[in-house]
Each structure stands twice: as structure tokens, then as C-alpha cells.
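Quick note: numbers below take in every heavy atom, side chains included, and nothing from hydrogens, waters or symmetry partners. Counting starts at 1 for both ligands and their atoms, in listed order. Sequential numbering from 1 along the given sequence is applied to the chain's residues.
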Amino acid sequence: MADHLQNIDLSEYPYINRGLEGIVAFSTTKSFIDGAKGELIYSGYNIDTLAENATFEEVCFLLWNDRLPDAGELNELNSRLQAERELPEVVLNYIRNTDKNSEPMAVLRTAVSMLQDFQPADAVDTDHAIAMTAKMPTIIAAFDRVRNGLDVVAPVKKGSTAFNFLYMLNGEEPGTASERTMDLCLVLHAEHGMNASTFTCRAVCSTESEIFSAVTAAIGSLKGPLHGGANTAVMNTLLKLKDDQGEGADPVAFTLSKLEKKEKIMGFGHRVYKVLDPRATHLRKMSKSLSDETGHEYLYNWSEAMVKTMKEEKNIDPNVDFFSATVYYSLGIVPDLYTCIFAMSRISGWTAHFFEQKENNRLIRPRALYVAEKNKPWIPAEKR
Ligand code: CMC
């Protein structure tokens, strides 16, 4: 598109905005980002307050209802999520039989799409949102077990989403510290304004399509390395550095050489934040303490060296994906599941935006500037 526009006088088209940067297309009560101050609010609550106090389930309720639950409401939501964790047999069979080399995000996308067929006829959007939030961790853990030749671990009807996910993934109950770390990651990834996947979700909703299609499309959008796929890419970069150069690798020289080649370093930069992403601050702390505990100090040290180099060379800060990669790695989770964990949390934000869009809908239908020839003569196939 950049090439197409080179010879066009763009002053004639003041409404063209590649990437819709800075365009406000909706109003929302779900989140606020101040990119200059590095501030993030979910429905009235600062992310630091939530990181310190909230569970993922409380954040789900908050995003869906614009207020925190009381004790009874939280109990009820927890019970409903616990009751909804099991997968329909057809979906489990798909997971058992699909190619073991499939991308986990592709399996998640297909399995979530399948869930629509198994919802009760009288279920409404909030029931669907609860069902998807409850079942996504089961899908991810089941596929990881199956592809490793292990038995699927059935979900338990107790504990938090974080507890159950780690239990189903590893086949043993997680310790309190691991559960809290996973829970905090889910809190930090739940909602983030009009990012690409949330926009996708709202665009699908705006056609009056239904919530499973909107979430399936959002998963596809999150999968890309410029969005949620960046956390997997960060870990793959660090692991490649280790494979190529061992624990004595030089992350500064590596970063400089990538910059020289005009390559992007995954986990850095943001369309909205011009200062440090507040979520990265929490993840950085977790990454430090977990790396110390698990003997991955070198990964944390490399990360900090890359952060320093990126700041000095480009004045670019890490985003949410950078330190989350080493946090998940220290929890023993393999890199290609990281984007699925992002999705497992962001389902709360996507569905909250779906409700909001549906309540006050207007079809999302921007335009594109046509830059090719018009009214060419028709030439029969044999004469072309
Ligand atoms: N590494 C090196 N240079 C970068 C990076 C990076 N990660 N990010 C931005 N830049 C440079 C870019 O090369 C350009 O430089 P110049 O003006 O000299 O050509 C300048 O910064 C502006 O970059 P841009 O790509 O036009 O900015 P954008 O607003 O379109 O980019 C971004 C936002 C997230 C796509 C980009 O920063 C990026 O590609 N980052 C790497 C992928 C990544 O970590 N994505 C996760 C985003 S946060 C979580 C989420 O939303 O999922």
C-alpha cells in the first residue's frame, strides 16, 4: 500500500489513515490507556491496584459488569466457571485426532469455534462467554498433553482458572506461588483497549454475527507476531541465542546486529505506549524472582541487557510480551503455548467488548482508496 500511495496527492484524501492510528471509532467503559504516562485502567481500576489485589475471575466479572462482584457474586461466577470446564466429547476427539504438529493457536481457534454447536438452545451471550472462558484452558492443556503422548487430565470442579490450567497441563496440583504467578499473568493480559484482536471481535459483532464467530476471529488476529504471537517469538529468540552461543551469549551484540539489519526485536515497541508499559513492570519483577529460583538468571540478565540496548539505541521500551515470555518459561511452559495463555485471559476483554458493541451497534465499514486502472476492455482468455 505504501508504494501505491507514493504518487498520489494525499492532501486530497485527509481521511486516509493507514493502521487507523489515533482514530477513535468507539466509546468504551472497559479500559483506558494513557500511552504518555504509562497508565492502564480496567473499568475504573488501575492495573497496579488489580495486579496487587484481584483474581482473574474478579477481573472477568469487572469487565463484563463494569463493577467488582460482591462475595456471593464471585462465588457464583467461580462455581459456574468450575462447572463449565469439561469439553464436549466431539471437541476432545478433535484434539486427540488432529495433527500433533499443529500450531496450538490454530487448534484453540478451531476448538473454540466448535463449542458453539454444544451450547444449550436457551443459552445467552453471558453463558457463552462463561463457557468459552472456562473451556479454553482445558483445550490448551489437552492439546499439549495429547501431542506429547500423555493422557488428557480432566478438569477439576474446584480452584481458580490458573490452578486448574496448571493442574491439567502438568498432571499435578501447582504450588501456591505458581498459581498466583499464572493468575497475575491472566489479570495483566485481560483487556487492552482497541488492539487488533478486540477490534476484530467488535467488527464481527457489528455485522450482527454471534459471539463464537467473533471470538474465533479474534483468536486468529491475536496469533500474529505483531500482536499476541510476540511472546512466543521473544522466547524463541532467547532460546536461539542460547543454542547458537551458549549461556555466555552476547545479547547486546545480537540486538545491535538485528537493528543494523532493520529487523524488529520482538517484545519491544507499542502503538499506544510511548513509555514503559505498566504491565511490563509487574512481569519484569516476576521474571526476575522466578529466574533466580529456577536457575534461569542468564535469561533474565539477557533480557535486561536487551532492554538497555533498545532504550539507548531506539528509545523503545519492552511491551507486555517481553517479560511474560521468561515468566512462562520459568513456570516450565513451552513457548508455543504462550499466545494461547494470552488468549485464555483476553477472552474476558473480547467478550466484554462484544456485549458493549451489541448494546450500541453500528456496522464497522471503513473504505479503501482504489489505486488501479478503471474500465479496462475485456480480452477473451485465448487472446490474453
Ligand atoms: N524493534 C525494532 N524497532 C522497532 C520495534 C521493534 N520491536 N518496534 C518499533 N520499532 C521502530 C520501527 O522500526 C520504526 O523505526 P523507524 O521510524 O526508524 O523506521 C519505529 O520504531 C516505529 O515502528 P512502527 O512499526 O511503525 O510502529 P507501530 O506503531 O506500527 O508498531 C508494533 C507497533 C507493536 C507493531 C511494533 O512496535 C512491533 O512490531 N513490535 C514487535 C512486535 C511486538 O512485540 N508486538 C507486541 C505488541 S504489544 C502486545 C500486543 O498488543 O499484543
Side-chain angles (χ1 to χ4, degrees), residues 1-2 5 16-23 30-33 35-36 38 40 42 47 105 108 185-202 217-238 241 251-284 287 303 305-328 335 337-350 353:
M1 175 133 174
L5 295 182
I16 292 184
N17 184 316
R18 291 185 68 225
L20 301 181
E21 191 164 350
I23 299 287
K30 304 308 165 191
S31 62
F32 167 78
I33 304 168
L40 171 60
Y42 291 174
I47 194 65
M105 276 295 277
L108 180 67
C185 290
L186 298 180
V187 167
L188 293 174
H189 285 83
E191 162 59 14
H192 209 235
M194 212 34 57
N195 55 82
S197 57
T198 302
F199 181 82
T200 304
C201 180
R202 286 188 84 132
I219 293 173
S221 174
L222 185 75
K223 184 169 176 279
L226 295 189
H227 190 7
N231 55 13
T232 293
V234 169
M235 201 62 234
N236 287 339
T237 303
L238 292 171
L241 193 58
V252 174
F254 168 81
T255 308
L256 291 174
S257 88
K258 294 264 273 183
L259 291 180
E260 207 172 294
K261 288 184 257 168
K262 302 255 174 255
E263 286 174 16
K264 290 232 171 128
I265 316 271
M266 293 293 124
F268 286 90
H270 202 276
R271 179 60 68 80
V272 183
Y273 291 117
K274 299 305 162 206
V275 295
L276 187 64
D277 179 334
R279 301 166 301 172
T281 305
H282 293 279
L283 290 157
R284 187 182 214 161
S287 172
S303 304
M306 290 171 77
V307 169
K308 189 162 176 283
T309 311
M310 284 297 279
K311 192 74 189 165
E312 286 167 1
E313 295 294 318
K314 299 280 292 183
N315 195 25
I316 294 179
D317 291 294
N319 56 48
V320 69
D321 292 313
F322 190 66
F323 285 106
S324 66
T326 38
V327 168
Y328 298 142
L337 294 187
Y338 299 176
T339 316
C340 295
I341 299 172
F342 194 152
M344 203 170 104
S345 162
R346 187 57 61 83
I347 177 72
S348 56
W350 290 332
H353 278 274

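Note that OG of S324 and NE2 of H282 are 14.0 Å apart. Values are rounded to the nearest 0.5 Å. Atom CG of L276 and atom CZ of F322 lie 11.5 Å apart (nearest 0.5 Å). One distance of note links CD of E191 with CZ of R346; it measures 6.5 Å at 0.5 Å rounding. Remark: K223 NZ to M105 CE distance equals 7.5 Å, nearest 0.5 Å.
Scanning the protein for heavy atoms near atom 7 (N) of ligand 1, the closest one is I265 O, 2.7 Å. With hydrogens left out, the protein atom closest to atom 14 (C) of ligand 1 is K314 NZ, 4.7 Å, a heavy atom. From the protein, the heavy atom lying nearest to atom 45 (N) of ligand 1 is L226 O, 3.0 Å. Summary of contacts: the protein heavy atom closest to atom 28 (P) of ligand 1 is R271 NE, 3.6 Å. Summary of contacts: the protein heavy atom closest to atom 51 (O) of ligand 1 is H227 ND1, 3.2 Å.
If you number the atoms of ligand 1 from 1 as listed, the ones under 4.0 Å from a heavy atom of M310 come out as 1 (N), 2 (C). Less than 4.0 angstrom separates some heavy atom of G228 from each of these atoms of ligand 1: 52 (O). Per-residue contacts place A230 under 4.0 angstrom from the following atoms of ligand 1 (heavy atoms of the residue considered): 43 (C), 44 (O), 45 (N), 46 (C). Using a 4.0 Å cut-off to heavy atoms of G269, the atoms of ligand 1 that qualify are 34 (C), 37 (O). Close contacts between ligand 1 and F342 involve ligand atoms 52 (O) [criterion: under 4.0 Å to a heavy atom]. Shown in contact with V320 at under 4.0 Å from a heavy atom are these atoms of ligand 1, numbered in order with element: 49 (C). Near G267, the atoms of ligand 1 lying under 4.0 angstrom from a non-hydrogen atom of the residue are 43 (C), 44 (O).
With K274 contributing its side chain and H270 its backbone, the two residues share a donor-acceptor pair below 3.5 Å. Judged by distance alone, with hydrogens and angles left aside, the side-chain atoms of Y42 form a donor-acceptor pair with the main-chain N or O of L188 at under 3.5 Å. Judged purely by atom type and a 3.5 angstrom limit, T200 has no side-chain atom pairing as donor or acceptor with the backbone of A218.
Nearest-residue assignment for atom 8 (N) of ligand 1 (options F268, Y273, F322; heavy-atom criterion): F268. When the options K264, R346, R279 are ranked by their closest heavy atom to atom 12 (C) of ligand 1, first place goes to K264. For atom 49 (C) of ligand 1, the choice among T198, D321, N319, L259 with the nearest heavy atom turns out to be D321. For atom 3 (N) of ligand 1, the candidate residues are I316, T255, L222; the nearest heavy-atom contact is made by I316.
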Walk me through whether H189 and Y338 qualify under ring-ring contact (aromatic ring centres under 6.0 Å, His included). CA-CA 12 Å; H189 285 83; Y338 299 176; over 10 Å; no

Determine, stepwise, if the pair F342 / D321 fulfils side chain to side chain contact (heavy atoms under 4.5 Å, CB included). CA-CA 9 Å; F342 194 152; D321 292 313; 3.7 Å; yes

Carefully, step by step, assess T326 and S287 under the rule side-chain hydrogen bond (donor to acceptor under 3.5 Å, both in side chains). CA-CA 6 Å; T326 38; S287 172; 2.9 Å; yes

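The one candidate from I33, V320, N319 that meets the side-chain contact (heavy atoms from CB on, under 4.5 Å) condition with Y273 is I33.
Using a non-hydrogen distance threshold of 4.0 Å, P225 registers as a contact of ligand 1. At a 4.0 Å cut-off, not a single heavy atom of K262 sits close enough to ligand 1 to count as contact.
In this structure, atom 31 (O) of ligand 1 has its sub-4.0 angstrom surroundings free of protein heavy atoms. Distance check for atom 20 (C) of ligand 1: every protein heavy atom is found at 4.0 Å or beyond. There is no protein heavy atom less than 4.0 angstrom from atom 17 (O) of ligand 1. For atom 26 (O) of ligand 1, the nearest protein heavy atom lies 4.0 Å or farther away. Inside a 4.0 Å radius of atom 23 (O) of ligand 1 there is not any protein heavy atom.
Within a 6.0 Å sphere centred on CD of E260, heavy atoms belonging to other residues, nucleotides or ligands number 12 at most. Heavy atoms of other residues, nucleotides or ligands lying less than 6.0 angstrom from NZ of K308 number 12 at most.
Ring centroids of H192 and H227 are separated by 6.0 Å or more, keeping the two rings apart.
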